[in-house]
Protein chains: 2
Amino acid sequence: MLNPTESLATAPMLSGSERLWATSVVRDLAFLLARANALSLAQANAAAATHGLKVRSYTVLAIAVSDTRPTQRELAEFLRLDPSQIVALVDELESRALVRREPDPSDRRANVVVATDEGRATYASAHATVADSERAIFAALSAEERTTLMEMLRRLAGAPDALSA
Amino acid sequence: MLNPTESLATAPMLSGSERLWATSVVRDLAFLLARANALSLAQANAAAATHGLKVRSYTVLAIAVSDTRPTQRELAEFLRLDPSQIVALVDELESRALVRREPDPSDRRANVVVATDEGRATYASAHATVADSERAIFAALSAEERTTLMEMLRRLAGAPDALSA
DNA sequence: TATTGTTATACTCTATAACTATA
DNA sequence: TATAGTTATAGAGTATAACAATA
């Protein structure tokens, strides 16, 4: 009845379960990563929902807006989703006229996903909302710490070596 | 057909999707957090599966082993799961005689979850496997960086202030 | 009247296989 | 023969509501 998506900031300082922080799991990086991610994800989903999006569709839209003209296969590989899930995501965005499928000139089997003008507009406002809501969560860290965290996560996430600011 | 759980280390340096790292999403802390977590989770699940566990059940078992004698309600609160999900997790662990439900003396409505001897043994070997597999993932960071990361994640995960080593 | 554990149910997400059209 | 996109389906995970026993 109170689930991950709900009442995060509103929680009144969780009663008796707080003592479980004395447990060994909380010294486990994977556990903390999962927990931090759950909080961040819930926040991001709530923010994206304001614009009729979920993090998944928001992310696909963000990539479409970037003008990298990814094929669905590339999206699947990059987001580590099955190609069939990309179909559903692109279907949904396309039905709302936020993206278009264009035939890849160099391979007639492949579709390239591009944002429409409306998609760009939606992304712009969604991005503002999402970024804003994340600031609230990552405010637990200083600007310098956030930079350090990003650099570490990039390595854990398997990003290629170039740093990018 | 290639999904998160599969072929992580085995992946042959992902072909054309690598260029999508030039996209703006990869400068998004939440995105990187989600991606790092997906990798870590897949690894941990694979390791736990060796002992017939998933991260969820492994975590519950870890807490049971800690002798903090949590009620199911406390587990639900701490793990941010619905109480009904805890029922299923404890049912499964109890059917395998890894944990026991004991009546809480101070509240006859509540059950307290405790590990059996077999549960302790299973946890010990599962913990070794899981910790080992995680070392592989977090090897991308130095020991010092791992400490820094843990401290940051603890704050993001909403841990109480005391540091704990 | 509120809370703990439980059951039931609907819904979303994830995983897998098979088909088509191109290469 | 292999690959891109698609469809279908089954299973796991998540969300919600209601009930019995106890507070």
Exercise. When all nucleic acid strands are considered with a 4.0 Å heavy-atom cut-off, which category describes Asp104(A): base, sugar-phosphate, or nothing?
Worked result: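 Here Asp104(A) touches no strand at all.
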Please tell me if [X] has a side-chain N or O lying less than 4.0 Å from either OP1 or OP2 of [N].
X	N	value
Arg101(A)	dT6(D)	yes
Gln72(A)	dT6(D)	yes
Gln85(B)	dG13(D)	no
Arg108(B)	dA23(D)	yes

Nearest-angstrom distance from the residue atom [atom1] of [X] to [atom2] of [N]:
X	N	atom1	atom2	result
Leu81(B)	dG5(C)	CG	C1'	15 Å
Asn111(A)	dT3(D)	CG	P	18 Å
Asp91(A)	dT6(D)	CG	C1'	9 Å
Asn45(B)	dA12(D)	CG	P	13 Å
Arg73(B)	dT22(D)	CZ	P	16 Å
Leu79(A)	dC13(C)	CG	P	15 Å

For this session: Would you kindly check whether a donor in the side chain of Arg109(B) faces an acceptor in the base of dT3(C), or vice versa, at under 3.5 angstrom?
Result: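 Side chain to base: pair present.
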Exercise. Which word best sums up how the rings of Trp21(A) and Phe31(A) line up, parallel for under 30°, tilted for 30 to 60°, or perpendicular for over 60°?
Worked result: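 Correct class here is perpendicular.
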Exercise. Does any N or O in the side chain of Thr68(B) come within less than 3.5 Å of the main-chain N or O of Leu20(A), such that one atom is a donor and the other an acceptor?
Worked result: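 Such a contact is absent between Thr68(B) side chain and Leu20(A) backbone.
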Problem set entry | Side chain to side chain, Arg120(A) and Asp67(A), heavy atoms closer than 4.5 Å |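 Yes; the side chains approach each other to less than 4.5 Å.
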Exercise. Tell me, do Val60(A) and Val99(A) make a side-chain contact under 4.5 Å, heavy atoms counted?
Worked result: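 No. Closest side-chain heavy atoms not under 4.5 Å.
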Problem set entry | Lys NZ or Arg CZ of Arg35(A) over Phe78(B) ring: under 6.0 Å, within 45° |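 Yes - Arg35(A) lies over the ring of Phe78(B), closer than 6.0 Å to its centre and within 45° of its axis.
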Problem set entry | Shortest side-chain distance from Thr71(B), nucleotide among dT7(D), dT14(C), dG5(C) |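 Nearest to the side-chain atoms of Thr71(B), counting from C-beta on, is dG5(C).
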Exercise. For Ser106(A) and Arg56(A), take the nucleotide of DNA chain C holding the closest heavy atom to each; which residue's nucleotide lies nearer the 5' end?
Worked result: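 Nearest-nucleotide comparison on DNA chain C picks Arg56(A).
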Exercise. Closest nucleotide of DNA chain C for Ser84(A) versus for Lys54(A): which of these residues is on the 5' side?
Worked result: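 Looking at the nearest nucleotide for each, Lys54(A) comes out on the 5' side.
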